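Since the structure comes first, as structure tokens, the remarks are kept for the end.
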There are 2 protein chains.
Amino acid sequence: MAATLHDVSRLAGVSIKTVSNVINDYPYVRDSTRQRVLAAIAELDYTPNLSARSLRSGRTNVISLIIPELRNVYFAELADSVMRAASERGLSVLIEQFGNDRESELSVLRNRSGRMVDGILYSVLGLDEADRQAIAEVTTPMVLLGERIFNGPKDHVTMQNVEGSRAATELLLDGGRRRVVALGAHPGEAIGSAGLRLAGYREALEAAGADYDERFVIPAGTWHRADGARAMRAFLETGLPFDGVVAFNDTLALGALRVLQEAGHRVPDDVALVGFDDIDETHYSMPTLSTIDPGRDEIARRAVQLLLRRIADPEPFEPEEIAVPFRVIERESTPARLPALQPEG
Amino acid sequence: MAATLHDVSRLAGVSIKTVSNVINDYPYVRDSTRQRVLAAIAELDYTPNLSARSLRSGRTNVISLIIPELRNVYFAELADSVMRAASERGLSVLIEQFGNDRESELSVLRNRSGRMVDGILYSVLGLDEADRQAIAEVTTPMVLLGERIFNGPKDHVTMQNVEGSRAATELLLDGGRRRVVALGAHPGEAIGSAGLRLAGYREALEAAGADYDERFVIPAGTWHRADGARAMRAFLETGLPFDGVVAFNDTLALGALRVLQEAGHRVPDDVALVGFDDIDETHYSMPTLSTIDPGRDEIARRAVQLLLRRIADPEPFEPEEIAVPFRVIERESTPARLPALQPEG
DNA sequence: ATGAAAGCGCTAACAT
DNA sequence: ATGTTAGCGCTTTCAT
């Protein structure tokens, strides 16, 4: 049986209040008393019962991170960033995966609200406007990650999906490419990453005076490597000529890279390729992959900070909307740009 | 303020015991009463306070998974497997990362023992015989993952490191390779994955009558992609002729692959390459990577099962040692083996 | 500087 | 089939 405050106080010959004071670094404890208490704690190998502490204080110092799945490298790296940011603030992280279907996403959202956590970081995947209600109803403090939900009912830390994707597309257009394939679209979707990144792609085309052609937009329901390979193969079968590929994330891009090379297309000579996310692997693929660094660490840091404020602040305040800066990372899969080569120049 | 059992019981006009009975699916509740209680629960949007429940019952239904880092794809996939296995048994998973140094590994191990969890799954990385005491002292039910610690003081579910690595090496030797580089050694280490996989490599060489040459064993402290690239480059600089590479994990292999190709070595024609872990990416590299599937899902399933037994069983029982089966996965980075081509044949 | 005592919300004996 | 009650171990007034 584990030792309790009472055991310690008995052994040290003080009241439990004094032991509690020592544990919680209450300053007004005589030094000799403190020593006696510490000795008793060490002897009994006492550790506070966190369930009791939580019950009493109403705080658990645990937050949950709700993501689609850890197998997806992007989310593993996000989880890593979140755990580091959380750990700096003394928080532990309970990860919940919901897979890739909307049903379980909703059910995780509903069930976990009461889950012994102080707050929730939730990386929205499949929900949209229609589910705003479900999101608004969550009473546990919650911060949304990674997507943009307009006028969202909750705090929200996002990457710049549209701007990043536009910059990625411009990387190809500025290099003189004109027939650029977009990989990973979700037809009909407006406010998820797929919709936003498609919007950025279109913006870039328009700004460059290039035509938007639906045949160059290839859907991919999920964004695994295999989906990228499949989507690329599907496009190749159309026989349409092309000279660039914007993939909506890095794993799609890496799956496509494989298929391009098998089919004899040289990257970047014949086809320039750019991804999105800047996962570790993009440094080591052959060729290395140009991509967009969405600012994951910054997203994690800001999200944890915002969540803590939301947990601590009894006064409700207006939901905040934070978009962190992104960076364009040029590597071997896109040819070097000439500094001043603008389409209209 | 969140509703409590008392609020519900008052609204439903029953005692809190009855409400508790309904929540815990106690069968002997009149149906009309149950309906009344359920209605009250719905109206008040009641969810049980899990801290109180834990305090009372002594169970949290949370286990922690202690791993080096999620950024490492192997551990992300392991975490995914563990979370699925845990979720099937009604458990949530609190992940703790300790990075790559022995100090923080020990400190996580010590501190988290009291962390409001029913049990711990701990993927040992840097500890060895000298730390057996620290491991034995953990009082929370704990199951070790992934390494072999002989006569371990705790339950242990492991992959077959020696046998798997031997099989990987034999894949090259059977293909006629004789000058096989080993990548990722930890000099002096005996009981970690690096030591065990090196032992498997040596066993295979001996069995095939090939010489063991220390110059062909390249150390790599951590096993990231960059380390594989660095180690491969270091070996290439020796100028020694070689025709095969056994990497002690897949990311090392993929980093090495990149360097080999840059240096003009064709894989598998000039150099055959095999990894270990069967991470998702090995299906999509160019060429695809032959590897060892260590049986992650099975490891996770058995570990959770064993941990639950350890948590439930008041009688201490002998620590179990479980080694799950592995599979050799032949892909493009090793040439097809001729069925009966044995070295002595 | 330290002690006494109440109570957080729940489960599980024990009653009836 | 349902009600009463005693804690689980801690923090937190309120005393002294």
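Side chains included, hydrogens not; waters and symmetry mates left out as well; all remaining heavy atoms used. Please read all numbers here as calculations on a predicted model, not as lab measurements. The sequence lines fix the lettering, A, B, ..., with proteins before strands; numbering per chain opens at 1.
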Show me, pair by pair, the donor-acceptor contacts under 3.5 angstrom made by side chains of residues 73-90 of chain A, not counting sequence neighbours?
{"residue": "A/E77", "atom": "OE1", "partner": "A/R296", "partner atom": "NH2", "Å": "3.0"}
{"residue": "A/E77", "atom": "OE2", "partner": "A/D280", "partner atom": "N", "Å": "3.1"}
{"residue": "A/D80", "atom": "OD1", "partner": "A/R84", "partner atom": "NE", "Å": "2.4"}
{"residue": "A/D80", "atom": "OD1", "partner": "A/R84", "partner atom": "NH2", "Å": "3.1"}
{"residue": "A/D80", "atom": "OD1", "partner": "B/R71", "partner atom": "NH1", "Å": "2.8"}
{"residue": "A/D80", "atom": "OD2", "partner": "A/R84", "partner atom": "NH2", "Å": "3.1"}
{"residue": "A/D80", "atom": "OD2", "partner": "B/R71", "partner atom": "N", "Å": "3.3"}
{"residue": "A/S81", "atom": "OG", "partner": "A/E77", "partner atom": "O", "Å": "3.2"}
{"residue": "A/S81", "atom": "OG", "partner": "A/D297", "partner atom": "OD1", "Å": "2.6"}

List in chain and number order the residues that pass side-chain hydrogen bond (donor to acceptor under 3.5 Å, both in side chains) with B/E103, two or more places apart in sequence or in another chain; answer none if no residue qualifies. none
Pairing residues for A/E320 by the side-chain hydrogen bond (donor to acceptor under 3.5 Å, both in side chains) criterion, not counting sequence neighbours: A/R309
Partners passing side chain to side chain contact (heavy atoms under 4.5 Å, CB included) against B/S193 (at least two apart in sequence or in another chain): B/E147, B/N161, B/R197, B/W223
OP1 or OP2 of D/dT11 versus the side-chain N and O atoms of A/S57: is any pair under 4.0 Å? no
B/R30: what forms a salt bridge (Lys or Arg N to Asp or Glu O under 4.0 Å) with it, not counting sequence neighbours? none
By nearest atom, which of the nucleotides D/dT4, D/dT11, D/dC8 is closest to the B/S15 side chain? D/dT4
Strand-adjacent residues in residues 30-39 of chain A, judged by heavy atoms under 4.0 Å from DNA chain C: A/R30, A/T33
By salt bridge (Lys or Arg N to Asp or Glu O under 4.0 Å), A/E298 pairs with (sequence neighbours left out) A/R301, A/R302
Check whether any side-chain nitrogen or oxygen of A/T18 sits under 4.0 Å from OP1 or OP2 of C/dG3, and answer yes or no. yes
Taking only N/O atoms, report every protein-nucleotides 14-16 of chain C pair under 3.5 Å with atom names and distance.
none

Give every residue pair that meets the salt bridge (charged side-chain N to carboxylate O under 4.0 Å, His left out) criterion with at least one member in residues 6-26 of chain A, sequence neighbours excluded. A/D7-A/R10
Give me the bend of the helix from C/dA1-D/dT16 to C/dT16-D/dA1, using the axes of the five pairs at each end, rounded to 10°. 30°
Considering residues at least two apart in sequence or located in another chain, which fulfil the salt bridge (Lys or Arg N to Asp or Glu O under 4.0 Å) criterion with A/D118? A/R59
Under the salt bridge (Lys or Arg N to Asp or Glu O under 4.0 Å) rule, collect the residues that match up with B/D131, sequence neighbours excluded. B/R102
